[in-house]
2 protein chains.
Amino acid sequence: MSGEQIKRPRGRPRKFDKTVALEIALDLFRQKGFDNTSLEDLTRALDLNRPSLYAAFGNKETLFQEVLQAYISGPSAYFHEVLNEHSCIEMVRKLLIKSIELLFYNETPYGCLVVMSTASEQLQKTGIQQQLVNALQAHQQKLVACFERAKQAGQLKHAADPERLALYVVTLHKGLSLQAINGSSKEALLALVDQVIELWPAATPAAS
Amino acid sequence: MSGEQIKRPRGRPRKFDKTVALEIALDLFRQKGFDNTSLEDLTRALDLNRPSLYAAFGNKETLFQEVLQAYISGPSAYFHEVLNEHSCIEMVRKLLIKSIELLFYNETPYGCLVVMSTASEQLQKTGIQQQLVNALQAHQQKLVACFERAKQAGQLKHAADPERLALYVVTLHKGLSLQAINGSSKEALLALVDQVIELWPAATPAAS
DNA sequence: TTATTAATTTACCAATTGGTACAAAATAAT
DNA sequence: ATTATTTTGTACCAATTGGTAAATTAATAA
């Protein structure tokens with residue numbers, strides 16, 4: 001029974017698990033956005049008091065950043081995973097569908113962490129907002145690259161403009177989050193994805 | 001010279017014009033959203049003190065509602081005007097283009113009043129949010145009706161689903177606002193509209 | 001047992017929030 | 001002139017915000 005002995009740190013042990021704390025905080029931030037999630041909301045949901053939270057995470061902004069990291073590498077990892085799809089129409093489909101699944105992973109649809117915090121003044125003046133925008137734009141550029149490759153490979157209509165197409169997709173992507181918050185059903189949004197796919201400018205196969 | 005004599009009210013005259021006050025407040029709400037626009041922001045921008053504002057508008061929520069009414073019947077009147085277009089593809093184009101023009105009517109793009117306030121807890125618990133959502137859904141239904149008529153008139157592909165198409169359009173519409181806030185240029189967004197129009201499932205003319 | 005380390009708890013802080021009481025000022029009606 | 005009416009200006013309020021100081025508790029290392 002000489003199990004893996006975890007080397008416990010020196011002082012009083014933490015009452016809570018940082019990882020699950022981040023998950024709970026994520027849910028809060030997604031539901032209410034950064035500004036509307038108060039320290040009181042956080043400490044109540046995490047069942048710890050303010051100094052503990054500050055000792056563990058610094059302050060509200062740094063907490064948000066940790067949450068954001070967990071969000072990126074966790075629930076919204078699909079964001080980058082889909083880039084590996086071979087067919088670009090399939091990539092778009094997966095991107096949108098996974099986004100919807102994430103929005104509805106809980107019965108009451110949570111918003112998107114990013115979208116729900118776009119209006120935050122605090123995130124704006126601390127530069128976190130800009131950091132987020134940059135990440136989104138980088139992702140958009142990756143989409144452009146994908147579409148360019150797809151065009152070379154003859155997957156897209158020859159008139160297709162990769163740049164425009166990427167903007168089109170990310171605009172839809174963000175729009176989905178607003179629709180979910182504003183009461184569109186999961187089914188309706190999935191149907192919307194079908195619509196997008198049907199309209200997709202895939203190269204028409206050679207005349208039969 | 002017996003010009004139209006304006007019957008002045010009884011007491012001390014107002015220092016400010018309610019109409020322009022609403023316009024200024026609109027700009028603030030559009031930039032910062034409901035929650036992040038403080039009473040101090042408002043009174044400073046309107047150059048009046050709090051009691052005056054409260055005497056004239058009730059409180060922050062009722063002020064917002066008046067602003068909203070002014071917004072609906074003013075800058076975003078296009079919202080309903082475009083419904084009168086004969087061609088439904090032209091309607092969609094106008095809807096999206098006018099939306100972009102509104103977002104960029106000032107050099108620094110303001111957000112959409114609605115989108116910038118989706119995360120507001122205050123608007124949620126006062127029911128104003130729901131009221132907004134209802135208005136948007138009513139508008140969406142009008143789009144559905146338009147597309148149904150267009151389909152009858154042979155403007156749309158016979159496989160087109162008016163319901164899905166309407167959701168598609170409003171999702172793009174809301175997405176535009178987020179893109180503007182997140183730094184997309186007016187030109188890029190206008191190009192996006194072209195993209196949408198090119199993909200539009202218009203009925204293919206009879207084979208030449 | 002004692003010292004060290006790090007977390008918890010309680011209590012507090014300054015700043016900001018939306019909102020208001022009350023007196024002074026400006027106008028019209030008498 | 002006086003009164004009635006309405007808005008303005010000053011000063012204030014309770015509640016909430018993000019954040020912290022200091023003492024206490026729980027663990028390990030000596």
Side-chain angles (χ1 to χ4, degrees), chain A residues 4-22 25 28-29 32-67 117 119-129, chain B residues 5-22 24-25 28-29 32-67 117 119-129:
Chain A
E4 197 67 33
Q5 200 67 16
I6 308 125
K7 172 75 172 164
R8 300 180 72 174
R10 199 73 147 64
R12 178 172 177 170
R14 275 234 181 78
K15 190 185 161 192
F16 63 99
D17 181 341
K18 239 183 131 175
T19 312
V20 311
L22 283 176
L28 274 178
F29 281 135
K32 315 177 44 145
F34 182 80
D35 288 334
N36 282 315
T37 304
S38 68
L39 267 288
E40 176 135 2
D41 290 333
L42 287 165
T43 52
R44 196 178 339 108
L46 302 183
D47 188 33
L48 45 82
N49 39 37
R50 234 164 283 192
S52 298
L53 197 154
Y54 275 81
F57 298 104
N59 62 11
K60 205 184 166 188
E61 277 104 33
T62 50
L63 167 62
F64 183 84
Q65 280 180 304
E66 284 208 42
V67 165
S117 298
S120 163
E121 253 199 335
Q122 209 57 31
L123 291 184
Q124 257 156 30
K125 67 177 144 197
T126 51
I128 300 179
Q129 190 66 43
Chain B
Q5 199 67 17
I6 307 128
K7 171 76 172 166
R8 299 181 73 174
R10 197 81 144 56
R12 178 172 178 171
R14 273 233 183 79
K15 190 186 161 191
F16 63 99
D17 182 341
K18 242 184 129 173
T19 312
V20 311
L22 283 176
I24 299 176
L28 274 177
F29 282 134
K32 316 177 40 146
F34 182 80
D35 288 335
N36 281 315
T37 304
S38 69
L39 266 289
E40 177 135 0
D41 290 332
L42 287 164
T43 53
R44 197 176 341 105
L46 302 183
D47 187 32
L48 46 82
N49 39 37
R50 235 166 281 195
S52 298
L53 198 155
Y54 275 81
F57 298 104
N59 62 12
K60 204 183 167 189
E61 277 105 33
T62 52
L63 167 62
F64 184 83
Q65 280 181 304
E66 285 207 44
V67 166
S117 298
S120 163
E121 252 199 335
Q122 208 58 31
L123 291 183
Q124 257 156 29
K125 67 176 145 197
T126 51
I128 299 180
Q129 189 67 42

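Since this is a predicted model, take the numbers as computed values, not measurements. Every chain is numbered from 1, with letters handed out A, B, ... down the list of sequences.
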*Are the side chains of A:Leu53 and A:Phe16 in touch, meaning some heavy atoms are under 4.5 Å apart?*
no
*Relative to the 5' end of DNA chain C, which residue comes earlier, B:Pro13 or B:Thr37, by the nucleotide with the nearest heavy atom?*
B:Thr37
*asked:* Side chain of A:Asn59, heavy atoms from C-beta onward: which of D:dA27, C:dT20, D:dG19 has the nearest atom to it?
replied: D:dG19
*Answer yes or no: does a side-chain N or O of B:Asn49 lie under 4.0 Å from OP1 or OP2 of D:dG9?*
yes
*Apply the test side chain to side chain contact (heavy atoms under 4.5 Å, CB included) to residues A:Leu42 and A:Phe29: give CA-CA distance (whole Å), side-chain angles for both, the deciding distance (0.1 Å), then the verdict.*
CA-CA 9 Å; A:Leu42 287 165; A:Phe29 281 135; 4.2 Å; yes
*asked:* Applying a 4.0 Å non-hydrogen cut-off, can you work out what A:Ser38 is touching in the nucleic acid: base, sugar-phosphate, or nothing?
replied: sugar-phosphate
*asked:* If I take atom CG from residue B:Leu123 and atom CD from residue B:Gln65, how far apart are they, to the nearest 0.5 angstrom?
replied: 9.0 Å
*asked:* Can you measure B:Asn36 atom CG to C:dG18 atom P for me and round it to whole angstrom units?
replied: 10 Å
*When you measure from the side chain of A:Tyr54, which nucleotide among D:dT20, C:dT20, C:dT8 comes out closest?*
D:dT20
*asked:* At 4.0 Å (heavy atoms only), tell me whether A:Pro9 reaches a base, stays on the sugar-phosphate, or touches nothing.
replied: sugar-phosphate
*By nearest nucleotide on DNA chain D, pick out whichever of A:Leu39 and A:Gly11 is the more 5' one.*
A:Leu39
*Look at the side chain of B:Arg10 against the base of D:dT6 and say whether a donor-acceptor pair falls under 3.5 Å; ignore hydrogens and angles.*
no
*A:Asp35 CG to C:dT17 C1': how many Å, rounded?*
13 Å
*Would you check, one step at a time, whether the test salt bridge (charged side-chain N to carboxylate O under 4.0 Å, His left out) holds for A:Arg44 with A:Asp47?*
CA-CA 5 Å; A:Arg44 196 178 339 108; A:Asp47 188 33; over 6 Å; no
_Expressed as a whole number of angstroms, how long is the span from A:Phe64:CZ to D:dG18:C1'?_
16 Å
*Would a 4.5 Å heavy-atom cut-off, applied to side chains only, mark A:Val67 and A:Leu22 as touching?*
yes
*Euclidean distance, atom CD of residue B:Glu121 to atom P of C:dG18 [Å, nearest integer]*: 14 Å
_Nearest-Å distance for atom pair CZ/C1', residues B:Arg44 and D:dG9_ = 18 Å
*How long is the gap from CD1 on B:Ile24 to CG on B:Leu48, to the nearest 0.5 Å?*
9.0 Å
*Quick one: A:Glu40 CD to D:dG18 P, roughly how many Å, whole number?*
9 Å
_Over all strands shown, is B:Thr43 touching base, sugar-phosphate only, or nothing at heavy-atom distances under 4.0 angstrom?_
nothing
*When all nucleic acid strands are considered with a 4.0 Å heavy-atom cut-off, which category describes B:Pro51: base, sugar-phosphate, or nothing?*
base
*Write down the distance between NZ (A:Lys60) and P (D:dT17), rounded to a whole number of angstrom.*
9 Å
*Report the distance from atom CZ of B:Phe16 to atom C1' of D:dT6, rounded to the nearest whole Å.*
12 Å
_Residue B:Glu61, side-chain atoms from C-beta onward, closest of D:dG19, C:dG19, C:dT8_ = C:dG19
*asked:* I want to verify a distance call: between D:dG9, D:dT25, C:dT9, whose nearest atom is closest to the B:Lys15 side chain?
replied: D:dG9
*asked:* With a 4.0 Å cutoff (strictly under), does any side-chain N or O of A:Arg12 reach OP1 or OP2 of C:dT8?
replied: no
